[in-house]
Each structure stands twice: as C-alpha cells, then as structure tokens.
Protein chains: 2
Amino acid sequence: MNFFEEVGKVAIGSRLRILTDKVTEDAAQIYKLYHIDMQPKWFPVFYALVREKEKTITKLARDIGHSHPSVSKIISEMLKKGYVKESKDKADGRRNVVSLSKKGVEISKEIKDQIIDVNAAIEEISAQAQHKLWEAIGEWEFLLEQKTLLRRVIEKKKERDSLKVEIVDYLPEYQEIFRSLNVEWISTYFTMEESDYKALDDPQGYILDKGGFILVALYEGEPLGVCALIKMNDEEYDFELAKMAVSPKAQGKNVGFLLANAIVEKARSLGASKIYLESNTILKPAINLYHKLGFKKVAGKPTPYARCNIQMELAVK
Amino acid sequence: MNFFEEVGKVAIGSRLRILTDKVTEDAAQIYKLYHIDMQPKWFPVFYALVREKEKTITKLARDIGHSHPSVSKIISEMLKKGYVKESKDKADGRRNVVSLSKKGVEISKEIKDQIIDVNAAIEEISAQAQHKLWEAIGEWEFLLEQKTLLRRVIEKKKERDSLKVEIVDYLPEYQEIFRSLNVEWISTYFTMEESDYKALDDPQGYILDKGGFILVALYEGEPLGVCALIKMNDEEYDFELAKMAVSPKAQGKNVGFLLANAIVEKARSLGASKIYLESNTILKPAINLYHKLGFKKVAGKPTPYARCNIQMELAVK
DNA sequence: TATATTTGTGTAACTGATTACGTAATCTAT
DNA sequence: ATAGATTACGTAATCAGTTACACAAATATA
C-alpha cells in the first residue's frame with residue numbers, strides 16, 4: 001500500500017524514541033570509563049546543582065523537565081550515596097532545599113573531563129552532519145510550546161472537514177431535517193414554545209415568504225446543520241439569526257462555523273447593516289461561536305422566548 | 001536562563017527525551033478525536049502490518065526498533081482487541097506469523113484521515129522550522145550506526161590524555177619505578193626469574209651500558225610507564241623491546257601506545273632495521289598493542305624466559 | 001479572622017519500555 | 001547422526017519515568 005509510504009512522518013515520535021535510546025544507551029559505560037560512580041539518570045539533577053548551589057525539589061524538576069516525584073526519588077538515591085544534602089527552608093517549611101555535599105563537589109571536579117570529552121564527541125557528530133539536530137530540537141520545542149501537536153492536528157482536521165461541508169439554500173425536502181434538528185436541541189436544554197412550532201412546522205410561510213432565508217449544511221451530501229435568517233420589522237435590525245442547529249454527528253467538524261459564516265455573508269449580500277440574535281448563556285459553544293463571528297452583547301429588546309437570557313448584534317457593513 | 005544552553009551538548013540525551021515526550025503526549029487524545037480505539041504504543045506495530053501483510057514477532061521488532069518482548073506483549077493486547085491474528089509458520093515451527101484481522105483492516109481504513117492530518121501538522125511544524133529535524137535524525141542514526149557514542153568518547157578521551165603524557169629518557173631517579181612497575185605485572189601473571197632481577201636491579205649496567213635505552217612515560221609529571229630497548233648480539237635483530245610496564249593507574253590513558261611508539265621511533269632514529277620481542281598470549285592487551293604497532297609473529301629464537309610463548313618482530317626501516 | 005485555595009513534597013500505583021532467562025525448534029559442523 | 005550453537009519467542013523481573021493522591025504549610029479571600 002503506497003499511501004502509508006507518503007505519510008511516513010507520523011512515525012516521528014517513534015523515531016525520536018529510538019534515537020534517544022541510541023544516544024542514551026552508552027551513558028552507563030561512559031561513567032565507568034571515567035571511574036565515576038554515578039547513574040546516568042542522576043546527571044541532570046547533579047548538573048543543575050553544580051550550576052546553582054541550592055535548589056528546591058520543584059525548582060529542580062522545572063529546570064530539568066521532569067516531574068517532581070522523579071526528582072524526589074533521584075535526590076533520595078543521591079542522598080544515600082552521600083552526594084547531596086537536604087535542609088528545610090526556614091522561611092517556608094514546605095521547601096526541601098537540596099545542595100551538593102562535600103563528596104558531591106569532589107565528584108563534580110572529577111566529572112569535568114568526562115563532560116569535555118562527551119561534548120567533543122557530540123560536536124564531532126554534529127560537524128559530520130549536514131543538518132543541525134541541536135538547533136532543530138530547539139525550534140521544535142519552541143513551536144510545540146506555542147501550539148501543541150494536538151491543537152495543530154485539530155486545526156488540520158477542521159480544514160479537511162471544511163472541504164467536505166457544503167452550504168446550500170433551503171429546499172422543501174429539508175423541512176423535516178430543519179424541524180428535527182431544532183426540536184432536538186431545544187427540547188434537550190429547554191422546552192418547545194408556541195413560536196417554535198410555528199416556524200418549524202411551516203418555514204415556508206413563517207420565514208421564507210416574509211423575506212427571510214434558510215441555509216442547510218451538507219456533510220458529505222448529508223444535511224447535518226441548518227440556520228435561518230428571519231426578516232425583522234425593526235428600525236435598527238434587518239435580520240435575526242435564529243433556528244441554528246447542528247447534529248451531534250457533525251460535532252467538531254466545523255459545520256457550525258461554516259454555516260453561521262454563510263448566513264452572515266447572505267445577510268451582507270442582501271444589503272443588511274445589522275443582524276440580531278437571541279440565545280442562552282448555558283449554550284456555551286454557541287455563544288463562543290457568535291463571539292468568534294464578531295457578535296457583541298446588547299440588551300433591551302423584548303423577546304417572545306422564555307429561554308432567552310442574552311441578546312447579541314453584529315454590524316454587517 | 002536556559003539550562004540546556006549552558007550545560008553544553010552533553011544534555012542532548014535529556015533534551016531528546018523531553019522532545020519525544022512532548023511529541024508523544026498528545027497521541028492518546030488524537031486517537032480519541034477520531035474515535036479510534038487504539039493505544040498509541042500499538043501504532044508502530046499496526047503501521048508495520050499495514051505496509052507488509054505478514055510478519056513474525058522478531059521481524060516486527062527489528063522494523064520498529066523495539067525489543068521482541070515488547071512486540072510480543074503489544075501483539076497479545078491487539079489480539080485481545082481482535083485487530084490481529086496469529087498463525088504458526090508451517091516451515092518453521094518457532095515462528096509466530098502475525099497479520100491484521102478483518103477488524104484490523106477496517107481500522108486501517110478509518111485511521112487514514114487521522115494519519116493525513118497528523119502528517120500535515122508535522123509538515124507544518126517542519127515548514128516553520130529552519131532546521132530539518134527529520135533529516136537531522138536520519139544523519140545521526142547513520143553516524144551512530146557507524147560509530148557509537150561510546151567509541152567516540154573513548155577516542156576523545158585518548159586524544160586528551162595523550163596531551164598529558166610525556167615520554168622522557170631514563171634517569172637514575174627512575175630506577176625504583178622501573179623496577180617496581182615491572183615486578184608488579186611479572187609477579188601478578190608469572191614469577192620473577194633470575195634474568196629479571198639482573199636487568200631490573202641494575203638497568204645502568206645491564207641495559208644502558210650495553211648500548212640499550214629506556215624511556216619513561218610521565219602522566220601529569222608522574223612516572224607511570226616504562227619500556228626498554230635492549231641491544232641484541234644477533235645478526236638479524238638490532239634491539240629487543242622488553243621490560244614494558246604501565247601502572248594500572250594509567251590504564252586506558254593511551255600511555256602504553258605512546259610509550260611503545262616512542263621506543264620504536266627511538267630504534268628507528270638509531271638506525272635499527274628490525275626489532276624483536278617476546279611475550280605471552282595471556283597478556284592480551286599487550287599483544288594487541290604490538291599488533292597495532294605492526295609487530296608480526298615469528299618463531300624459532302631460543303629464549304631465557306620460561307614465561308615466553310610468543311615471539312614477534314617489526315621491520316623498522 | 002476564619003476559610004478556601006494554592007503550593008511543595010512524599011508515597012503509591014501504573015506504564016511502556018527494557019534485560020534476563022528458559023524452552024523449543026532449527027541449523028551446522030563434524 | 002548427533003552434539004553444540006543459533007534463533008524465535010514467551011514470561012518474569014526490573015527500570016526510569018509518569019499520574020494520582022494525601023498532607024502540611026503558605027497565601028488569598030470573604
């Protein structure tokens with residue numbers, strides 16, 4: 001199967017692990033070569049203490065990129081060997097302040113030659129390589145710090161899913177789905193009201209014929225999202241964004257955003273200057289979405305819906 | 001302050017580990033995002049089986065860079081999930097041939113989108129980075145394959161140690177060390193013989209006055225190695241290399257090589273054409289050293305030493 | 001000032017890998 | 001033909017890290 005050949009970079013984690021093992025596997029023998037009685041895993045802690053005399057457990061953990069229990073364990077092992085000493089911080093009784101013992105300081109002198117040689121060996125490898133591993137790692141650390149791999153993957157998924165979503169105009173055949181998707185969320189969080197039934201049972205009469213619009217989102221051809229633009233008789237607002245519903249099946253596929261965006265575009269193309277909407281703060285994803293589209297909170301409009309506790313508007317022009 | 005920049009490149013192992021963790025940590029959640037019931041650690045095995053339908057445990061282990069018990073365990077877990085099936089190789093009863101089950105093949109189709117997105121995310125990171133991690137890993141794998149880190153470190157150590165070693169001519173003050181270093185190894189492996197005492201107790205009379213030479217290796221000023229060049233009354237050989245001894249304290253510091261090399265140089269500068277030596281095959285490091293210097297095994301010379309079971313020569317000109 | 005939250009640390013349990021070792025099948029060199 | 005070496009692979013023990021949890025000390029807040 002050729003497919004997997006092309007996308008081989010997913011294996012980068014695996015590859016990194018193998019390289020890490022290869023670089024690390026000789027460590028124990030290198031210490032032996034210099035007659036230094038130290039476990040490789042102690043080194044980062046040891047070195048951190050050479051450079052800064054006193055540190056607490058958590059400070060050490062942060063500096064060397066381990067969890068604190070790991071450092072705690074390493075310190076207790078080094079303590080047994082007599083390489084470090086502990087003392088309680090007088091100002092803060094929780095802190096365990098660790099520093100090198102006299103024996104530890106001695107070792108730190110002995111280990112210098114080893115560090116010089118290992119460094120030289122690694123520099124030699126670097127010099128023989130065209131691509132700089134050290135710098136590459138630095139860049140990756142930075143880039144992953146800024147945005148984790150998970151977030152990047154989520155974005156890529158959204159991009160790809162967006163291509164599968166098609167926004168189309170309402171047709172009579174979509175009445176059933178327009179009704180059911182809306183009934184689903186309304187009755188989950190609230191109860192259906194009189195004005196809901198009017199609009200859902202007869203979108204043609206109550207929305208379209210009055211100058212409104214309905215858009216439907218198709219995901220791979222299947223209608224999974226709907227949204228209406230209702231003509232308002234108001235001096236300030238041209239349309240109300242309402243009856244927006246997306247199937248749970250399409251969650252996380254960016255359908256909501258694409259649908260709402262298309263509705264706003266529709267309003268703009270119709271020459272509208274301001275859109276209005278009503279919602280409820282318990283519908284957090286919806287509120288976030290409106291926010292992302294640029295809707296701002298307003299107050300003061302009378303509403304026929306009991307469930308409404310937030311009103312928003314968007315200047316389209 | 002960035003710990004790693006200051007520590008120097010010895011920390012590359014630690015840094016690689018942390019990067020590996022960062023790249024790997026999101027894996028479980030990524031699978032969840034795509035509703036795929038698979039453990040991240042299964043992936044390399046799974047992927048290997050998609051690419052090549054049938055594999056044995058050890059082949060899998062080699063391909064993905066794990067130990068075989070690790071693969072064995074992963075396969076037994078995947079077996080429980082029904083993603084793979086096992087069968088004994090008919091031609092070779094030891095072999096456990098593993099392949100994807102029907103369910104496994106289905107999963108491999110579902111996982112395609114995920115792989116595409118993860119790959120795109122990694123490509124995005126690569127594109128944002130100036131230095132190419134993927135290529136750098138490849139080069140490091142190759143370079144470490146050719147020569148392990150341990151071997152490189154050993155070389156660097158030797159280079160550095162060589163600078164600390166100084167080869168000087170014999171002085172009467174070195175008689176004590178010339179004697180003691182030789183007594184030490186001879187009595188460890190064999191027993192002292194009459195001719196040993198003669199030469200060691202009076203090097204001036206038995207070696208130097210007869211036209212021979214002695215060189216002493218100083219390590220940081222301390223005499224830790226000795227070697228003699230004894231004038232021979234022989235039509236074939238000019239000198240015998242003998243009474244070579246290096247303190248255990250100086251082991252692994254390249255002292256032996258530098259000393260023997262200097263002795264050969266000395267013989268050459270004196271116009272010698274062939275050097276002779278006698279030794280015993282249980283002294284493996286010594287034999288290796290002579291070999292490295294170019295000595296070849298010969299036979300047939302009568303020897304006053306009981307301990308001698310190998311004779312070697314080197315053409316100096 | 002009392003209470004809730006945060007922080008620092010240690011212990012316990014878990015995890016994903018390893019090495020060590022035993023057994024059985026196969027290969028190889030007399 | 002067969003003893004000894006090698007290979008395939010499973011189980012057990014170990015290892016270096018993790019997360020989960022408990023508890024005390026310090027800090028923030030009502």
Side-chain angles (χ1 to χ4, degrees), chain A residues 13-29 31 38-46 54-80 84-99, chain B residues 11 13-29 31 38-46 54-80 84 86-99:
Chain A
S14 200
R15 246 185 130 188
L16 272 170
R17 192 192 64 79
I18 292 169
L19 181 58
T20 307
D21 287 351
K22 258 194 200 138
V23 170
T24 311
E25 72 183 359
D26 292 338
Q29 280 195 273
Y31 284 105
M38 178 143 77
Q39 289 188 40
K41 66 169 170 167
W42 297 350
F43 182 76
V45 169
F46 183 84
E54 289 193 335
K55 289 197 179 194
T56 62
I57 301 285
T58 27
K59 178 92 170 58
L60 277 168
R62 259 200 315 277
D63 286 358
I64 71 171
H66 278 200
S67 64
H68 87 261
S70 168
V71 173
S72 178
K73 221 191 257 175
I74 288 170
I75 289 295
S76 79
E77 287 171 23
M78 292 178 75
L79 205 58
K80 235 179 252 168
V84 293
K85 51 180 195 272
E86 296 178 329
S87 68
K88 281 277 164 213
D89 185 332
K90 263 152 210 142
D92 185 340
R94 296 166 303 178
R95 287 192 159 99
N96 181 357
V97 181
V98 182
S99 59
Chain B
S14 197
R15 250 187 129 181
L16 274 169
R17 192 191 63 80
I18 292 170
L19 181 58
T20 308
D21 288 352
K22 257 195 202 140
V23 169
T24 312
E25 72 182 1
D26 291 339
Q29 279 194 275
Y31 285 105
M38 179 144 74
Q39 288 189 39
K41 65 167 171 170
W42 295 351
F43 183 75
V45 170
F46 184 83
E54 287 192 337
K55 290 198 179 196
T56 63
I57 301 287
T58 29
K59 178 96 170 58
L60 276 168
R62 258 198 317 277
D63 287 359
I64 71 170
H66 278 201
S67 63
H68 87 261
S70 168
V71 172
S72 177
K73 218 190 254 172
I74 288 169
I75 289 296
S76 79
E77 286 171 24
M78 290 177 76
L79 205 59
K80 231 177 257 167
V84 294
E86 294 178 328
S87 67
K88 281 277 166 215
D89 185 332
K90 264 156 209 139
D92 184 341
R94 296 166 304 175
R95 286 193 160 97
N96 180 358
V97 182
V98 182
S99 59

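Just so it is clear, the values below take in all heavy atoms, side chains as well, and ignore hydrogens, waters and symmetry mates. Here is the naming used below: chain letters follow the sequence lines, and residue numbers restart at 1 for every chain. Nothing here was measured: the structure is a model prediction, and the numbers come from that model.
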Under a 4.0 Å heavy-atom cutoff, the residues of residues 84-94 of chain A touching DNA chain D are A/Ala91, A/Asp92, A/Gly93, A/Arg94
For residues 85-94 of chain A, the side-chain hydrogen bond (donor to acceptor under 3.5 Å, both in side chains) pairs (sequence neighbours left out) are A/Glu86-A/Asn96, A/Asp92-A/Arg94, A/Asp92-A/Arg95
Contacts of B/Asp63 meeting side chain to side chain donor-acceptor pair (under 3.5 Å) (sequence neighbours excluded), chain-then-number -> B/Lys55, B/Lys59
Across all chains, not counting sequence neighbours, the side chain to side chain donor-acceptor pair (under 3.5 Å) partners of B/Lys22 are none
Under 4.0 Å, heavy atoms only, any strand: does B/Thr56 hit a base, just the sugar-phosphate, or nothing?
sugar-phosphate
For [X] against [Y], the heavy-atom pair lying closest together:
| X | Y | answer |
| --- | --- | --- |
| B/Ile75 | B/Val84 | O-CG2, 4.0 Å |
| B/His68 | B/Ile57 | O-CG2, 3.8 Å |
| A/Ser14 | B/Pro44 | OG-CG, 3.9 Å |

Rounded to the nearest 0.5 angstrom, the NE2-CG distance for B/His66 and A/Asp21 is 8.0 Å
The side-chain contact (heavy atoms from CB on, under 4.5 Å) partner of A/Phe46 among A/Met38, A/Lys41, A/Gln39 is A/Met38
Which of B/Leu16, B/Leu19, B/Thr20 passes side-chain contact (heavy atoms from CB on, under 4.5 Å) with A/Leu19? Answer is B/Leu16
Report all interatomic pairs (protein N or O, nucleotide N or O of nucleotides 18-22 of chain D) with separations under 3.5 Å.
| residue | atom | partner | partner atom | Å |
| --- | --- | --- | --- | --- |
| D/dT18 | OP1 | A/Ser67 | N | 3.3 |
| D/dT18 | OP2 | A/Ser67 | N | 3.1 |
| D/dT18 | OP2 | A/Ser67 | OG | 2.5 |

At a 4.0 Å cut-off to heavy atoms of chain A, the contacted part of DNA chain C spans C/dT7 to C/dA17
- Do the side chains of A/Val45 and A/Val98 get nearer than 4.5 Å, heavy atoms only? no
When rounded to whole Å, the CZ to P distance for the pair A/Phe43 and D/dA16 reads 16 Å
note: A/Arg95, atom CZ; D/dA25, atom C1'; distance rounded to Å ~ 11 Å
